[in-house]
Amino acid sequence: MNTEVCAAFGIEFPLFAFSHCRDVVAAVTNAGGFGVLGAVAYTPDRLEEELRWIDDRVGGRPYGVDVLVPGRIDESAERAGRGEGGLDTMLAAVPQEHWDFLIGLFGKYDVPLPDFEKARQSNARGGTQVTKEGATELIEVSLAHPIRLIASALGTPPPIMVEKAKAAGIPVAALVGTSEHARRQVAAGVDLVIAQGGEAGGHTGEISTMVLVPEVVDTVAPVPVLAAGGIATGRQMAAALALGASGVWCGSVWLTTEEAETAPAVKAKMLAATSRDTVRSRSRTGKPARQLRSAWTDEWEGPGSPGPLGMPLQMIVAEGAMRQITKVAESGNPGARALANYFVGQCVGLMNTVKPARRVVYDMVEEFAGAVERLNAITSAD
Ligand SMILES: Cc1cc2nc3c(=O)[nH]c(=O)nc-3n(C[C@H](O)[C@H](O)[C@H](O)COP(=O)(O)O)c2cc1C
């Protein structure tokens with residue numbers, strides 16, 4: 001295939017795969033697409049290991065890294081990120097009411113409580129990774145590897161990301177949910193815009209991909225745009241290119257691949273889910289993120305809930321709890337199974353079989369070719 005991004009990134013197919021799983025990233029890159037590793041869950045040391053693992057397997061083929069740098073987060077986390085007050089500052093900012101609600105939830109669903117103190121400390125450390133300082137460390141680790149793209153989720157990339165990437169000759173991408181965001185991102189130095197519609201898994205806005213992509217393409221031209229949100233098939237890929245995108249950026253579709261690290265109980269839920277079974281909820285991170293609807297999302301929206309906190313305080317409350325819920329769900333505990341969920345988009349309804357990631361790439365490309373042929377037949381008909 002031959003779009004602007006194929007030439008710019010030296011890839012066969014304009015198919016970008018966002019994944020937190022290094023195996024998916026390497027598989028998609030090796031299949032002719034472009035794998036992008038989501039770095040948010042990693043400490044700098046662990047990210048270094050993951051990138052070395054990928055380097056050893058892709059034989060110089062192109063891949064990238066995505067760092068989550070939110071525009072605005074809780075002040076206590078900003079202070080902890082700057083080394084002021086340490087993790088305790090952040091932990092103290094979580095009201096007792098939220099811990100009480102969580103403990104009540106574990107009781108109601110008959111799930112054994114995790115070691116909260118341990119979980120709190122490790123979640124608070126995770127919270128510092130979404131501060132500017134934490135993200136800067138991840139950016140530095142990434143740029144020391146032969147990456148070909150660095151992407152910023154959630155908000156305009158900080159000047160330090162743009163400066164460091166440009167100095168290293170690496171293009172910067174950013175996710176946007178509105179054309180105003182896109183305009184701001186380009187003004188901040190972004191080279192590739194990812195227009196992500198509200199049907200996407202993870203943090204997302206409300207405008208659908210069908211409406212957002214042409215708006216963003218027109219707003220930022222001639223800057224190339226990738227379409228994201230709801231794309232899991234070749235027909236959708238053809239539609240995205242028809243809307244003016246230079247390629248597609250997919251996240252959910254990899255979660256049910258053979259390589260994905262998705263917990264088996266959650267993978268089973270995804271395979272059975274319809275496109276109506278997701279919800280945009282603040283219950284895991286504090287910012288609206290699309291995920292499987294489960295007892296967890298319902299309870300946080302329910303009458304007894306104190307309401308989710310902001311980012312990253314809600315992550316401190318939720319992530320250790322979700323780790324325990326996912327672990328217990330694997331043993332068949334019905335309450336844990338009801339609560340378990342993960343980020344995924346509406347295209348979960350199209351994800352019905354487990355395949356290797358490279359098969360997903362080939363199937364999309366084949367279906368894309370069929371769709372284009374059908375469209376050509378329409379215009380060439382007498
Ligand atoms: C499990 C999951 C985690 C995600 N985490 C991030 C993230 O850390 N950074 C980011 O830029 N995007 C993240 N996203 C969004 C993806 O980059 C991508 O834009 C989105 O998945 C595209 O829509 P789709 O899910 O319908 O394919 C995540 C998506 C999923 C499904």
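Order of appearance sets the numbers: ligands from 1, and atoms from 1 within every ligand. Worth knowing before you read on, the calculation uses all heavy atoms, side chains too, and leaves out hydrogens, waters and symmetry mates. Each residue takes its place number in the sequence, starting with 1.
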Chemist: Within a distance under 4.0 Å of any heavy atom of C250, pick out the atoms of ligand 1 and give their elements.
Modeler: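 Near C250, meaning under 4.0 Å from one of its heavy atoms, ligand 1 has 27 (O).
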Chemist: With heavy-atom distances below 4.5 Å as the criterion, would you say the side chains of R280 and E206 are in contact?
Modeler: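 Yes. Closest side-chain heavy atoms under 4.5 Å.
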Chemist: Looking at G229, which atoms of ligand 1 are within less than 4.0 Å of one of its heavy atoms?
Modeler: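 Under 4.0 Å from G229, ligand 1 has these atoms: 22 (C), 23 (O), 26 (O).
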Chemist: Do any nitrogen or oxygen atoms of G230 come within less than 3.5 Å of a nitrogen or oxygen of ligand 1?
Modeler: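 Between G230 and ligand 1, an N or O pair is found under 3.5 Å apart.
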Chemist: Are side-chain heavy atoms of Y342 and M322 found at a separation under 4.5 Å?
Modeler: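 Contact flag for Y342/M322 side chains = no.
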Chemist: Quick one: sort the H203 and F343 rings into parallel, tilted or perpendicular, breaks at 30° and 60°.
Modeler: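 Taking F343 first and then H203, their aromatic rings sit tilted (interplane angle of 30° to 60°).
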Chemist: Ignoring hydrogens, what is the shortest heavy-atom contact between Y63 and V25? Give both atom names and the distance.
Modeler: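 That would be CB-CG1, 4.2 Å.
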Chemist: Which of the atoms in ligand 1, numbered in the order shown and given with their element, are less than 4.0 Å from a heavy-atom of A153?
Modeler: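 Those atoms are 9 (N), 10 (C), 11 (O).
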Chemist: What protein heavy atom sits nearest atom 25 (O) of ligand 1, and how far off is it?
Modeler: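 The answer is S252 OG, 2.5 Å.
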Chemist: Please tell me whether T29 and R61 have a donor and an acceptor in their side chains that are separated by less than 3.5 angstrom.
Modeler: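 There is no such pair between these side chains.
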Chemist: Is the closest N or O pair between L175 and ligand 1 shorter than 3.5 Å?
Modeler: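 Min N/O separation from ligand 1 is not below 3.5 Å for L175.
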Chemist: Measuring from L15:CG to Y362:OH, what's the distance to the nearest 0.5 Å?
Modeler: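 Result: 11.5 Å between the selected atoms.
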Chemist: State, without any angle test, whether N30 and R358 hold a side-chain donor-acceptor pair at a distance under 3.5 Å.
Modeler: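 No.
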Chemist: Does the ring center of W254 lie less than 6.0 Å from the ring center of F18?
Modeler: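 That pair fails the under 6.0 Å test.
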Chemist: Please confirm whether F16 and F9 have ring centers closer than 6.0 angstrom.
Modeler: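 Yes.
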Chemist: Among C347, A200, G251, which one puts a heavy atom closest to atom 21 (O) of ligand 1?
Modeler: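 The residue whose heavy atom sits nearest atom 21 (O) of ligand 1 is G251.
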Chemist: Which residue owns the protein heavy atom closest to atom 29 (C) of ligand 1, what's the atom, and how far is it?
Modeler: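 Going atom by atom, the protein heavy atom closest to atom 29 (C) of ligand 1 ends up being G201 O, 3.3 Å.
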Chemist: What residue and heavy atom of the protein are closest to atom 19 (O) of ligand 1, and at what distance?
Modeler: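 That would be Q196 OE1, 2.6 Å.
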Chemist: Who gets closest to atom 14 (N) of ligand 1 by heavy atom: W254, F18, Y342, F16?
Modeler: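 Heavy atom nearest to atom 14 (N) of ligand 1 belongs to F18.
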Chemist: For the 3.5 Å polar cut-off, considering only N or O atoms, please tell me whether W249 and ligand 1 meet it.
Modeler: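 W249 vs ligand 1: N/O contact under 3.5 Å present.
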Chemist: Could you tell me whether R52 and E48 have a side-chain N and a carboxylate O separated by less than 4.0 Å?
Modeler: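 Answer for the salt bridge query: yes.
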Chemist: Can you list the atoms of ligand 1 that are under 4.0 Å from a heavy atom of L68?
Modeler: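 Those of ligand 1 that fall under 4.0 Å from L68 are 8 (O).
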Chemist: Using a strict cut-off of 4.0 Å, indicate which atoms of ligand 1 neighbour a heavy atom of F343.
Modeler: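 Here the atoms of ligand 1 in question are 1 (C), 2 (C), 31 (C).
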Chemist: As an exercise, identify every atom of ligand 1 less than 4.0 angstrom from a heavy atom of H20.
Modeler: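 Answer for ligand 1: 3 (C), 4 (C), 5 (N), 8 (O).
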Chemist: Can you find a heavy atom in the side chain of Q185 that is under 4.5 Å from one in the side chain of V172?
Modeler: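 Result no, sub-4.5 Å side-chain heavy-atom pair not found.
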Chemist: Under 4.0 Å from a heavy atom of V40: give me the atoms of ligand 1 that qualify, with their elements.
Modeler: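 Every atom of ligand 1 under 4.0 Å from some heavy atom of V40: 8 (O).
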Chemist: Does the N or O separation between D66 and ligand 1 drop below 3.5 Å for any pair?
Modeler: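 Yes - when backbone and side-chain N and O of D66 are compared with those of ligand 1, one distance drops under 3.5 Å.
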Chemist: How does H203 reach ligand 1, by side chain, by backbone, by both or by neither, if only non-hydrogen atoms under 4.0 Å count?
Modeler: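 It is neither; nothing of H203 touches ligand 1.
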